[in-house]
Protein chains: 2
Amino acid sequence: MGQTLDSQFQQLCREKQLAVTHQRLVVYRALMQMCDHPSPEQIYERVRGELPSISLGTVYKTLHVFLAAGLIREVSPHHGSLRIEPNAEHHCHFFCLQCHTITDLEPSEVDVVPLMNSVPENFQVDRVSLEVRGVCGHCSGSFVSADA
Amino acid sequence: MGQTLDSQFQQLCREKQLAVTHQRLVVYRALMQMCDHPSPEQIYERVRGELPSISLGTVYKTLHVFLAAGLIREVSPHHGSLRIEPNAEHHCHFFCLQCHTITDLEPSEVDVVPLMNSVPENFQVDRVSLEVRGVCGHCSGSFVSADA
DNA sequence: TTCTGAAACAAGAACTACTCTCGTTTGATA
DNA sequence: TATCAAACGAGAGTAGTTCTTGTTTCAGAA
């Protein structure tokens, strides 16, 4: 099983033209074995069990390499700073992955009942939010695809 | 128009049992006049134009007071730290507003076409994310409503 | 109107999450 | 093995946020 993960990682690195280093392999293994949504600090703590000399900076850098290559994704598109929503009316948001602006979308009639049904019974729902991520009109002109 | 905003704010404060201070009024007015999704720093900059002696700490505290009272909302439920998604399969998330854990939801059949149609034509869509915010099962037992 | 206790304020130190720099080590290719 | 680019570790630096402390202001009572 460990072997499977290792060879899977090596193949992914070949595909993405990434160097296979011991640190990257250990970080990848840790990620795949953590079933929740870990923070860099939590990943660092776990990896240190196996690799006590790794630095937090290396974990951050490795995560960014993995994110850029598409090996993993991040949950929040804009974890950097608190952003306020003065507009009290119900609407959805578009997040620009380039300039990080947030654009209000026109209200749309999305049926979220199936989503609500997927929430476990003992969970209390406050509200549902629908978000679209991509590149806004202003940035679209100069956008260079990540595949290029 | 300024008068309308001011009296609206005073009524909101009475309802929520908040003291009406000059600083809070100026912050509220600034928020209602900013049509995008400002960061605390941007709000601070704007408020300083009218109230040069206000401190950034006061802006933060005032925003938290407004958020707790429901006068405004925040756009991102988890802007604090990067969170990694090792699970590559498509699924939705539940964010616990108390313990900040992220729970994967079972895939559900939500029709997002109306949402896609609300995105302006010159925007490029990367992906859509559906999120539910509330209180998870683990926290539900000890949960005390904000209204209590 | 003045007094009083509680709440809010300003200033800035402290903390957290993250990024950058630089000298050293390691990996990939010849 | 030798070479060079890439990756690494250590730690300083930065941005965003929270906390602490002493001062000021607000709201209700006298």
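Residue numbers start from 1 in every chain, and the chains themselves are labelled A, B, ... in the order their sequence lines are given, proteins ahead of strands.
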- Reckon Tyr60(A) has a side-chain N or O less than 4.0 Å from the OP1 or OP2 of dC18(C)?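 Yes.
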- Message: With a 4.0 Å limit, can you tell me whether His22(B) has a side-chain N or O closer than that to the phosphate oxygens OP1/OP2 of dC26(D)?
- Response: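 For dC26(D), neither OP1 nor OP2 has a side-chain N or O of His22(B) closer than 4.0 Å.
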Could you state the [atom1]-[atom2] distance from [X] to [N], rounded to the nearest angstrom?
X: Arg24(A); N: dT26(C); atom1: CZ; atom2: C1'; result: 12 Å
X: Ile84(A); N: dG16(D); atom1: CD1; atom2: C1'; result: 14 Å
X: Leu67(B); N: dT18(D); atom1: CG; atom2: P; result: 10 Å
X: Arg48(B); N: dA11(C); atom1: CZ; atom2: C1'; result: 13 Å
X: Tyr44(B); N: dA10(C); atom1: OH; atom2: P; result: 9 Å
X: Gln10(A); N: dA28(C); atom1: CD; atom2: C1'; result: 14 Å
X: Arg83(B); N: dA17(C); atom1: CZ; atom2: P; result: 11 Å
X: Leu63(A); N: dA7(D); atom1: CG; atom2: C1'; result: 15 Å

- Task: Go through the steps for Val65(B) and Leu18(B) under the test side chain to side chain contact (heavy atoms under 4.5 Å, CB included), then give the verdict.
- Result: CA-CA 9 Å; Val65(B) 167; Leu18(B) 299 177; 3.8 Å; yes
Side chain of [X] only, please: which of [options] is the nearest?
X: Val20(B); options: dA27(D), dT18(D), dC9(C); result: dA27(D)
X: Gln23(B); options: dA27(D), dC9(C), dA7(D); result: dC9(C)
X: Leu82(B); options: dT18(D), dA28(C), dC18(C); result: dC18(C)
X: Lys61(A); options: dA17(C), dA27(D), dC8(D); result: dC8(D)
X: Ser81(B); options: dC18(C), dC9(C), dG16(D); result: dC18(C)
X: Thr21(A); options: dC8(D), dC9(C), dG16(D); result: dC8(D)

- Given side chain to side chain contact (heavy atoms under 4.5 Å, CB included), test Asn122(A) with Ser140(B) step by step and report yes or no. CA-CA 7 Å; Asn122(A) 56 336; Ser140(B) 270; 5.5 Å; no
- Within a radius of less than 6.0 Å around CD of Glu106(B), do more than 12 heavy atoms belonging to other residues, nucleotides or ligands occur?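 Not buried by this count: 12 neighbours or fewer within 6.0 Å.
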- Message: Looking at Glu45(B), I'd like to know if its CD atom is crowded, meaning that more than 12 non-hydrogen atoms belonging to other residues, nucleotides or ligands lie closer than 6.0 Å.
- Response: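 Counting neighbours around CD of Glu45(B), more than 12 heavy atoms of other residues, nucleotides or ligands fall under 6.0 Å, so yes.
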- By nearest nucleotide on DNA chain D, pick out whichever of Glu41(B) and Leu18(B) is the more 5' one.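 Residue closer to the 5' terminus by nearest nucleotide: Glu41(B).
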- Query: What is the ring orientation for Tyr28(B) with Phe66(B), classed by angle as parallel under 30°, tilted 30 to 60°, or perpendicular over 60°?
  - Reply: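 Tyr28(B) and Phe66(B): perpendicular rings.
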- Query: Should the pair Phe95(A) and His93(A) be assigned to parallel (<30°), tilted (30 to 60°) or perpendicular (>60°) ring geometry?
  - Reply: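 Phe95(A) and His93(A): tilted rings.
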- Task: Residues of residues 51-58 of chain B with any non-hydrogen atom less than 4.0 angstrom from an atom of DNA chain C: list those, numerically ordered, please.
- Result: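 When residues 51-58 of chain B is checked for heavy atoms under 4.0 Å from DNA chain C, the hits, listed by number, are Ser53(B), Ile54(B), Ser55(B), Thr58(B).
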- Query: Which atom names give the shortest non-hydrogen contact between Arg83(B) and His37(A), and what distance separates them?
  - Reply: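 Looking at all heavy atoms of both residues, the shortest contact is NE-O, 2.7 Å.
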